[in-house]
Amino acid sequence: MRKFPKDFLWGSASAAYQIEGAYNEDGKGLSNWDNFVRIPGKTFKGTTGDLAVDHYHRYKEDIALMAEMGLKTYRFSIAWTRIYPTGNGKLNQKGIEFYQNIIDECLKYGIEPMVTIFHWDLPQSLVDQYGGFENRKIVDDFVNYAKTLFKIFGKSVKYWITLNEQNIFTSLGWLTANHPPGKFDDQKMFYQVNHHAFLAHAKTVLAYREMGFDGKIGASFAYTPSYALDCKPENAISKLNFDDLKNYWWLDMYGYGEYPIVAMKYLEKNGLAPEVTDEDREILKKAAKEINFMGVNYYQSCVCEYNPLDGVTPYGVMNTTGKKGSAQITGIPGLFKNPQNPYLKTTDWDWAIDPIGLKYLCREITSRYRLPIVISENGLGAFDKLENDNSIHDTYRIDYIREHLKTLYQAIDEGCNIIAYCTWSFTDLLSWLNGYQKRYGFVYVDRNEETGSLDRYKKDSYYWYKTVIESNGEKL
Ligand code: BG6
């Protein structure tokens with residue numbers, strides 16, 4: 001019999017820019033994303049989050065739907081630009097009110113709010129003032145913003161996520177130019193930016209403790225567990241290289257407060273290592289002892305194969321259209337490449353579907369860091385069809401989540417301490433680069449790239465997840 005822990009947090013997640021809209025209302029400042037989406041060709045069909053799914057005005061309806069479903073936790077992010085419109089200047093009371101309302105609404109229904117402090121939407125003003133994450137000054141501004149949140153919401157919010165997917169926003173921002181600031185192959189800066197982000201995370205964790213709070217705090221990482229293509233020794237080493245540079249670079253810093261030795265040596269040899277002071281080292285180590293969980297966003301695993309020096313680069317085409325097979329294989333010459341896994345099916349956006357990968361990463365975190373785990377995102381982006389009777393038969397999504405929950409349970413059964421599982425996402429929302437057609441929600445939102453009524457409709461998966469929660473995971 002499947003027995004999830006008694007207080008298991010069945011959840012669902014979102015991010016401010018992807019749902020709220022109201023991008024210039026009630027004193028909100030502009031973020032880097034508000035600007036970036038306006039550069040022609042950056043997003044699918046030029047979509048923006050100006051209106052998104054209008055959660056800003058419809059949050060009561062959305063949270064009532066969560067309550068009806070029986071959700072135990074709702075993970076959402078706070079837009080820094082609503083709290084501090086210029087990032088570090090005056091506080092915006094209206095922004096505080098908005099999030100206070102969201103939190104109160106959750107608590108009214110017994111839903112545990114899980115707050116992400118930063119989910120990619122950086123105040124543009126900080127970019128204009130000093131280059132945002134490129135400058136060490138970001139650390140103090142970030143910590144000031146986070147402390148403001150703790151001071152105001154710290155009594156009601158018990159779960160905090162400092163940064164969402166630091167590995168993704170920095171990779172897409174400084175290596176492949178897909179996210180702001182849209183820089184290409186700026187590797188030296190990429191590692192420096194990451195170092196600043198690690199410090200922002202670490203100092204935020206320490207500030208939370210110094211302020212006397214006893215809630216739980218950690219970062220959320222986009223974890224792509226890897227398998228060597230086969231037992232050819234070169235391919236086994238390519239997996240080691242991939243893990244050091246693509247996974248442990250972040251996980252080790254959150255979990256140990258240290259960079260992986262071999263990856264650091266590689267960066268030093270190539271003149272790419274970030275500037276790290278002794279004081280930084282001390283802070284990072286101290287903070288690693290204070291996190292309460294490893295937050296993981298899991299969508300897919302990958303395969304590692306040796307990549308010759310004249311092999312593929314990190315700069316292959318991404319599939320942002322939903323045309324299966326349009327993504328290119330990428331890798332780092334001399335180290336690894338990531339071919340498709342012949343044993344796995346893929347989504348229409350070419351993401352490998354691998355439920356066992358979820359168990360694999362839980363086992364790996366448990367062995368390597370001995371930390372509890374929050375699965376802060378997992379879900380399927382797919383085309384959904386609204387039928388004439390307003391039903392949506394998303395059996396593929398149910399299958400996806402069911403299979404992942406089965407292996408998650410196995411991980412628990414085998415000794416991993418998993419405290420929460422959040423699907424991505426509750427309502428449909430804006431998929432940063434893929435427009436509105438790539439849907440993830442339990443609740444269908446009637447809008448496409450151009451227009452729509454924004455009415456909400458429950459998908460089949462909504463009713464299914466309700467039963468899963470009611471039975472505490474017994475009925476999958
Ligand atoms: C994660 C992000 O990378 O994956 C989310 O935290 C994002 O914000 C989700 O939407 C799915 O990615 P995508 O590109 O399909 O929207």
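Just the heavy atoms: all of them, side chains too, but no hydrogens, waters or symmetry mates, feed the values below. Indexing begins at 1, ligand by ligand and atom by atom, following the structure's order. Values in this document were obtained by computation on a predicted structure and should not be read as measured data.
- Taking a cutoff of 4.0 Å between a charged side-chain nitrogen and a carboxylate oxygen, Glu20 and Lys28 do not qualify as a salt bridge.
- Trp349 pairs in a ring-ring contact (aromatic ring centres under 6.0 Å, His included) with only one of the listed residues (Phe383, Phe44, Tyr440, Tyr299), which is Phe383.
- Taking the centre and axis of the six-membered ring of Phe98, the NZ or CZ atom of Arg82 falls inside the cone set by 45° and 6.0 Å.
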Less than 3.5 Å apart, N/O on ligand 1 and N/O on the protein: could you list those pairs with the distances?
| from | atom 1 | to | atom 2 | distance (Å) |
| --- | --- | --- | --- | --- |
| ligand 1 | 3 (O) | Glu165 | OE1 | 2.5 |
| ligand 1 | 3 (O) | Glu165 | OE2 | 3.1 |
| ligand 1 | 4 (O) | Tyr299 | OH | 3.4 |
| ligand 1 | 4 (O) | Glu377 | OE1 | 3.4 |
| ligand 1 | 6 (O) | His119 | NE2 | 3.2 |
| ligand 1 | 6 (O) | Asn164 | ND2 | 2.9 |
| ligand 1 | 6 (O) | Glu377 | OE1 | 3.1 |
| ligand 1 | 6 (O) | Glu377 | OE2 | 2.8 |
| ligand 1 | 8 (O) | Gln18 | OE1 | 2.7 |
| ligand 1 | 8 (O) | His119 | NE2 | 2.9 |
| ligand 1 | 8 (O) | Trp432 | NE1 | 2.8 |
| ligand 1 | 10 (O) | Gln18 | NE2 | 2.9 |
| ligand 1 | 10 (O) | Trp424 | NE1 | 3.3 |
| ligand 1 | 14 (O) | Asn434 | ND2 | 3.2 |
| ligand 1 | 15 (O) | Ser431 | OG | 3.4 |
| ligand 1 | 15 (O) | Lys438 | NZ | 2.7 |
| ligand 1 | 15 (O) | Tyr440 | OH | 2.5 |
| ligand 1 | 16 (O) | Ser431 | OG | 2.5 |

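- Here Asp252 pairs with Arg368 in a salt bridge; the nearest charged N to carboxylate O distance falls below 4.0 Å.
- Of the charged side-chain nitrogens involved, at least one lies within less than 4.0 Å of a carboxylate oxygen, so that Glu377 and Arg75 count as a salt-bridged pair.
- Under the 6.0 Å distance and 45° angle rule, Lys324 does not count as a cation-pi partner of Trp351.
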